[in-house]
Amino acid sequence: MTNIKKAIFKASTALLASALLLSTTAMAANYWTDDVVVEAGKGTPTIDGVYDAAEWGHAQEIAITLDDPTVNQYGEYQGGWVDDRNPADFSTWMRFMWDEEALYIVEQRFDDYIELGGTGATPWGGSDGNLIFLQTIDGGTAGNENAWSHHLLYIVGDGTGSGNYGGDAWVRINDGSINSQETVQYDEIQIVSAPAADGFCVEVKVPWSVFAEEIPSFVPGDDVKIGMSMVPIDFDEDGEFAQLSWVKQADQLGVPGGYDYGGWATLKLAAAPVVEEPETSTDAPVDAPSAPATADAGIVAAAAVMAVAAGIVLSKKH
């Protein structure tokens with residue numbers, strides 16, 4: 001084989017491999033819907049229970065109400081909210097951020113009554129709180145063959161029954177291969193809650209090490225996707241319980257074991273925001289050619305190199 005043919009063969013092989021990889025990454029996940037995709041901003045906020053727009057501002061806001069378009073189409077109202085949904089009773093918004101060390105979560109809730117009792121291990125037992133369902137690698141695929149997932153369970157109270165703010169966080173570890181669950185606490189998780197205007201604020205830091213024992217091959221990075229859903233829980237002064245499942249598509253996706261094990265939205269780890277440098281050149285900018293869509297980029301590139309290769313071989317024959 002001539003040197004030119006060897007070069008063509010190597011280039012063709014590399015681009016075809018890239019095409020296959022890009023086509024694979026564009027495929028839908030087993031246990032997450034790509035109908036609902038939100039972004040976690042890149043950055044490292046301070047966990048102090050006080051929302052700071054300068055820290056969280058470039059993370060996508062996820063608003064959740066009692067007449068919520070996402071819940072209405074993809075989720076479910078439960079408990080007292082099945083038949084009675086008063087907008088003054090509850091609304092919240094969430095933001096997610098990430099860096100190489102951890103996933104960060106902030107919730108700013110608006111609530112006419114705040115229940116500070118209970119424990120984060122069982123928020124549904126008498127606490128205002130939330131369940132954040134997370135799966136770092138799609139269940140049943142390489143690196144997560146047993147379909148492990150982790151539920152972050154937290155409440156706004158301190159977990160001692162004292163009626164004080166503080167926050168209490170636990171993790172429910174789920175083995176999707178046998179539908180088993182274990183709830184534990186991790187010292188490395190940081191959580192702080194505090195009163196805020198017309199409600200409360202909770203900030204949480206969940207190090208990636210929390211997921212590592214069950215899913216050791218996961219590596220966070222730009223544009224990496226993970227599964228995520230949420231179950232905000234609310235108790236009224238009379239003790240009435242209500243919650244909603246933000247994205248609940250377990251039946252539609254055929255998830256073994258049901259909603260605890262999948263049927264969630266997709267959370268994308270966004271790249272850091274681009275800081276634009278001031279222009280120093282007076283030359284007119286040159287428009288760069290637009291790139292093909294993700295799933296087609298590798299295929300187009302592979303086709304291009306094959307065309308070039310064919311041209312070179314034909315020219316040599318002439």
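Just so we're clear, the structure is a prediction, and the values are computed from it rather than from any experiment.
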Donor-acceptor check, side chain of [X] to backbone of [Y], threshold 3.5 angstrom: yes or no?
X: Gln181; Y: Asn179; result: no
X: Thr33; Y: Ala265; result: no
X: Asp111; Y: Ile114; result: no
X: Thr92; Y: Ile64; result: no
X: Trp93; Y: Thr65; result: no
X: Asp234; Y: Ala242; result: no

Atom [atom1] in [X], atom [atom2] in [Y]: separation rounded to 0.5 Å?
X: Asp138; Y: Ile215; atom1: CG; atom2: CD1; value: 10.0 Å
X: Asp175; Y: Asn146; atom1: CG; atom2: CG; value: 5.0 Å
X: Asp112; Y: Asp236; atom1: CG; atom2: CG; value: 6.0 Å
X: Leu244; Y: Leu66; atom1: CG; atom2: CG; value: 7.0 Å
X: Tyr186; Y: Trp170; atom1: OH; atom2: CH2; value: 12.0 Å
X: Leu131; Y: Ile233; atom1: CG; atom2: CD1; value: 5.0 Å

| Under the 4.5 Å side-chain heavy-atom rule for ILVMFWY, direct or indirect, which residues accompany Val219? |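 None; Val219 is a cluster of one.
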Within the 4.5 Å heavy-atom criterion, are [X] and [Y] side-chain neighbours or not?
X: Pro256; Y: Tyr31; value: yes
X: Ile189; Y: Pro207; value: yes
X: Leu116; Y: Asp128; value: no
X: Thr141; Y: Asn30; value: yes
X: Asn130; Y: Met94; value: yes
X: Ile132; Y: Phe96; value: yes
X: Met228; Y: Ile62; value: yes

Notebook entry, point to check: Going by distance alone, is a donor N or O of one side chain under 3.5 Å from an acceptor N or O of the other, for Trp32 and Gln135?
Noted result: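 Yes, because at least one side-chain N or O of Trp32 sits under 3.5 Å from a partner of the opposite role on Gln135.
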Asp48-Thr46 side chain donor-acceptor pair, cut-off 3.5 Å: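 There is no such pair between these side chains.
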In the single-linkage hydrophobic clustering (I, L, V, M, F, W, Y; side-chain heavy atoms under 4.5 Å), do [X] and [Y] co-cluster?
X: Val231; Y: Val38; answer: no
X: Met230; Y: Phe200; answer: yes
X: Tyr259; Y: Leu134; answer: no
X: Ile191; Y: Met97; answer: no
X: Val156; Y: Val106; answer: no

side-chain hydrogen bond (donor to acceptor under 3.5 Å, both in side chains): which pairs involve residues 72-83, sequence neighbours left out?
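Non-adjacent pairs meeting side-chain hydrogen bond (donor to acceptor under 3.5 Å, both in side chains): Asp67-Asn72, Asn72-Tyr77, Glu76-Gln78, Glu76-Lys248, Gln78-Gln243, Gln78-Ser245, Trp81-Asp89.
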Handout entry: Residue pairs involving residues 193-206 (criterion side-chain hydrogen bond (donor to acceptor under 3.5 Å, both in side chains); sequence neighbours excluded)
Key =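 Residue pairs with at least one partner in residues 193-206: Trp56-Glu203, Glu101-Lys205.
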Mind checking ring pair (Phe, Tyr, Trp, His ring centres under 6.0 Å) for Tyr165 and listing every partner two or more places apart, or none if nothing turns up?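 If we apply the ring pair (Phe, Tyr, Trp, His ring centres under 6.0 Å) test to Tyr165, skipping adjacent residues, there are no hits.
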Item checked: Residue pairs, two or more places apart or on separate chains, that pass salt bridge (Lys or Arg N to Asp or Glu O under 4.0 Å) and touch residues 52-61 ->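 Applying salt bridge (Lys or Arg N to Asp or Glu O under 4.0 Å) to every pair that reaches into residues 52-61, excluding sequence neighbours, yields Glu61-Arg95.
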Closest heavy-atom pair and its distance - [X], [Y]:
X: Ser127; Y: Gly117; result: OG-O, 2.9 Å
X: Val210; Y: Glu188; result: CG2-CG, 4.2 Å
X: Pro232; Y: Phe90; result: CB-CZ, 3.8 Å
X: Ala59; Y: Gly41; result: CB-N, 4.0 Å
X: Gln185; Y: Ala169; result: NE2-O, 3.3 Å

- [ ] Any pair with a residue in residues 238-258 that passes ring-ring contact (aromatic ring centres under 6.0 Å, His included), sequence neighbours left out, goes on the list, sorted by first then second residue, please.
- [x]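 Passing the test, one end in residues 238-258: Phe235-Phe241.
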Pairs under 3.5 angstrom only: tabulate donor-acceptor contacts from the side chains of residues 147-154 to other protein residues two or more places apart or in another chain.
unit_1 : atom_1 : unit_2 : atom_2 : d
Ser149 : OG     : Asn174 : ND2    : 3.4
His150 : NE2    : Glu214 : OE1    : 2.9
His151 : ND1    : Arg172 : NE     : 3.0
His151 : ND1    : Arg172 : NH2    : 2.9
His151 : NE2    : Asn174 : ND2    : 3.2
His151 : NE2    : Asp260 : O      : 2.8
Tyr154 : OH     : Glu107 : OE1    : 2.5

Trp98 pairs by side chain to side chain contact (heavy atoms under 4.5 Å, CB included) with which of Val206, Asp222, Val224, Ile105?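 Exactly one option meets the side chain to side chain contact (heavy atoms under 4.5 Å, CB included) with Trp98, and it is Asp222.
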*side-chain hydrogen bond (donor to acceptor under 3.5 Å, both in side chains) involving Thr44 - partner list, sequence neighbours excluded*: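 Applying side-chain hydrogen bond (donor to acceptor under 3.5 Å, both in side chains) to Thr44 gives Asp99.
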Could you tell me which residues satisfy side chain to side chain contact (heavy atoms under 4.5 Å, CB included) with [X], sequence neighbours excluded, listed by chain and number?
X: Tyr113; answer: Glu115, Glu237
X: Ser217; answer: Ile137
X: Ala196; answer: Gln108, Cys201
X: Asp223; answer: Lys268

